[in-house]
Amino acid sequence: MRSSLRLKYMLLALIAATVVALLIDWGLSKEVIPNEVRTQMHNGTWYPEIRNAKKNSTIAVTTTFDDGYFYTPFTLRWISYAKKYNYDWYGINIGYAEIQFPTPHWHKAAVIFDLLSYGYEFVVFTDGDSVLVHPERTVEYFVKTSPPQTQLWISRDLSWATTEINTGLLIVRRGTWSLEMLKYTIRESGDSRIRPQDWPREQGSIDRWIRLSSKKSCKIFPYGRMFQIFSSFGDEPEKELEGVYQQNVWVMHFAGGYSESRHKYAQAVFNYSQTKYPV
């Protein structure tokens, strides 16, 4: 009798846990879209740079910036990279965008969505504070070394971060899974329940989508293999970066707000990359 009651309680607990999980899932995926997103999501583009461009490739490389953007040398290196491999380049000034978000970070999903909708098969998105170190690594390289169903290439974040992944660098392939991921992220920008103005912003949304959906459609690189993040800086960047250069990382990302030491590190990596691996 006791074992029968115990089994009954265990079954009820399992049912309750399943119901709670389903409710959480419904809450995360519930369609909450700002009006401007709802009316324009499938109608043209929010960005004049995309609307007025001529598509010459199946691959686009892009970043977003505003009037306070100060990483121009890094951007020029990405532009040279795009030209070298006949990719199309888009520098998107979000000040001219026909949609606005709680913070600039959310434009990332909208820009990628627009470019894929425009007809690109692949989009490489890089944050403006990311330095391309090894230009010999192409989009085709990542595709060739990944399962055919892969629609997202992304790196793990630092071990202590609040999300599994970091969105400072993404390669996105057009497909049902990736387009739904981007629409999900755009919807969450208008969902007050997740406080979209606060960290981890769009990174949190993409992280949730990956956890809630099939991971078979994305390739998550171990930290430091595709992408390396710097968030603390000393006084001797050239000396302290010697070991990092040997790790053969594709891109280095200098996270956080502007500081002199951060800029000094980023400039040191840029100078090294320009000398050792010119584009």
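For the numbers below, each heavy atom of this structure counts, side chains included, while hydrogens, waters and symmetry mates do not. This chain uses plain numbering: 1 for the first residue, then up along the sequence. Model, not experiment: these values are computed from the prediction.
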So, do Lys108 and Asp127 sit near enough that their side-chain heavy atoms are less than 4.5 Å apart? yes

Are Phe221 and Phe142 an aromatic pair, judged by ring center distance below 6.0 Å? yes

Check the pair His253 / Leu169 against side-chain contact (heavy atoms from CB on, under 4.5 Å), numbers first and verdict last. CA-CA 8 Å; His253 176 46; Leu169 175 71; over 6 Å; no

Pairing residues for Lys83 by the side-chain contact (heavy atoms from CB on, under 4.5 Å) criterion, not counting sequence neighbours: Ile79

What are the two closest heavy atoms between Ile112 and Phe125, and how far apart are they? CD1-CB, 3.8 Å

Kindly assign one of parallel, tilted or perpendicular to the pair Trp199 and His105, based on the angle between their ring planes and the thresholds 30° and 60°. perpendicular

Is there a side-chain hydrogen bond (donor to acceptor under 3.5 Å, both in side chains) between Gln203 and Thr163 once you walk through the steps? CA-CA 7 Å; Gln203 185 163 300; Thr163 57; 2.8 Å; yes

Under the side-chain contact (heavy atoms from CB on, under 4.5 Å) test, residues paired with Ala110 that sit two or more places apart: Trp46, Tyr47, Phe101, Ile186

Which atom names give the shortest non-hydrogen contact between Trp177 and Cys218, and what distance separates them? CH2-CB, 3.8 Å

Check against side-chain contact (heavy atoms from CB on, under 4.5 Å), Met226 and Val251: CA-CA 7 Å; Met226 174 191 188; Val251 172; over 6 Å; no

Hey, what do you get for OG1 (Thr162) to CG (Asp157), rounding to the nearest 0.5 Å? 7.5 Å

Quick check against the 3.5 Å criterion: does Trp78 have a side-chain atom that pairs as donor or acceptor with the backbone of Ser130? yes

Give the cluster check for Tyr184 versus Leu115: same hydrophobic cluster or not, with ILVMFWY residues linked at side-chain heavy-atom distances below 4.5 Å. yes

Measuring only between side-chain heavy atoms, which start at C-beta, is Ile210 closer than 4.5 Å to Ile220? yes

Check for me, please, whether Ile94 and Ile50 land in the same ILVMFWY cluster - side-chain distances under 4.5 Å, paths through other members count. no

Going by side-chain contact (heavy atoms from CB on, under 4.5 Å), name the residues that satisfy it together with Pro148, two or more places apart in sequence or in a different chain. none

Nearest heavy-atom pair of Ser57 and Asp88: which atoms, and what distance? N-OD2, 3.3 Å

Under a 3.5 Å distance rule, please check whether Tyr85 uses its side chain to pair with a backbone N or O of Ile59 as donor and acceptor. no

Under 4.0 Å between a Lys/Arg side-chain N and an Asp/Glu carboxylate O for Arg193 and Glu188? no

Aromatic plane relationship, Tyr90 with Tyr120 - under 30° parallel, 30 to 60° tilted, over 60° perpendicular: perpendicular

For Leu116 and Glu121, which heavy atoms make the closest approach, and how far apart are they? CD2-O, 3.9 Å

Phe270 vs Phe74 aromatic rings, parallel, tilted or perpendicular, using cut-offs 30° and 60°? tilted

For Asp207, which residues count as a salt bridge (Lys or Arg N to Asp or Glu O under 4.0 Å) partner, sequence neighbours excluded? Arg211

Does the side chain of Val124 come within less than 4.5 Å of Tyr87's, by heavy atoms? no

Thr64 and His107: side-chain donor and acceptor closer than 3.5 Å? no

Do Lys219 and Leu152 pass the side-chain contact (heavy atoms from CB on, under 4.5 Å) test, and can you show the C-alpha distance, the side-chain angles, and the key distance before you say yes or no? CA-CA 6 Å; Lys219 184 169 183 177; Leu152 173 67; over 6 Å; no

ring-ring contact (aromatic ring centres under 6.0 Å, His included) for Trp250 and Tyr141? Distances and angles first, verdict last. CA-CA 12 Å; Trp250 188 38; Tyr141 163 82; 8.7 Å; no

Using 0.5 Å steps for rounding, measure from the NE2 atom of His134 to the CE atom of Met252. 7.0 Å

Can Ser155 and Ile165 be said to form a side-chain contact (heavy atoms from CB on, under 4.5 Å), step by step? CA-CA 6 Å; Ser155 174; Ile165 49 88; over 6 Å; no

Donor-acceptor pair, distance only, cut-off 3.5 Å: does the side chain of Gln151 make one with the backbone of Ser217? no

Among side-chain atoms of Glu202 and Ser189, is any donor-acceptor pair under 3.5 angstrom? no

Would you please say whether a donor-acceptor pair under 3.5 Å links the side chains of Thr185 and Trp209? no

Go through the side-chain N and O atoms of Thr62 and Trp89 and say whether any donor and acceptor fall under 3.5 Å apart. no

If you measure from the Lys or Arg side-chain nitrogens to the Asp or Glu carboxylate oxygens, is any gap between Lys215 and Glu164 under 4.0 Å? yes

Side chain proximity check, Arg174 to Phe122, heavy atoms < 4.5 angstrom: no

Shortest non-hydrogen contact from Ile206 to Met181? CG2-SD, 4.0 Å

How long is the span from the CD1 atom in Ile99 to the CG atom in Asp114, to the nearest 0.5 Å? 8.5 Å

Please list all pairs passing the salt bridge (Lys or Arg N to Asp or Glu O under 4.0 Å) test where one or both residues lie in residues 49-62, with sequence neighbours left out. Arg51-Glu98

Side chain to side chain, Asn86 and Asn56, heavy atoms closer than 4.5 Å: no

Side-chain contact, heavy-atom cut-off 4.5 Å: Phe65 with Ile92? no

Partners of Pro135 by side-chain contact (heavy atoms from CB on, under 4.5 Å), sequence neighbours excluded? Arg77, Tyr81, Leu132, Tyr277, Val279

Is there a donor-acceptor contact under 3.5 Å from the side chain of Ser80 to the main chain of Leu76? yes

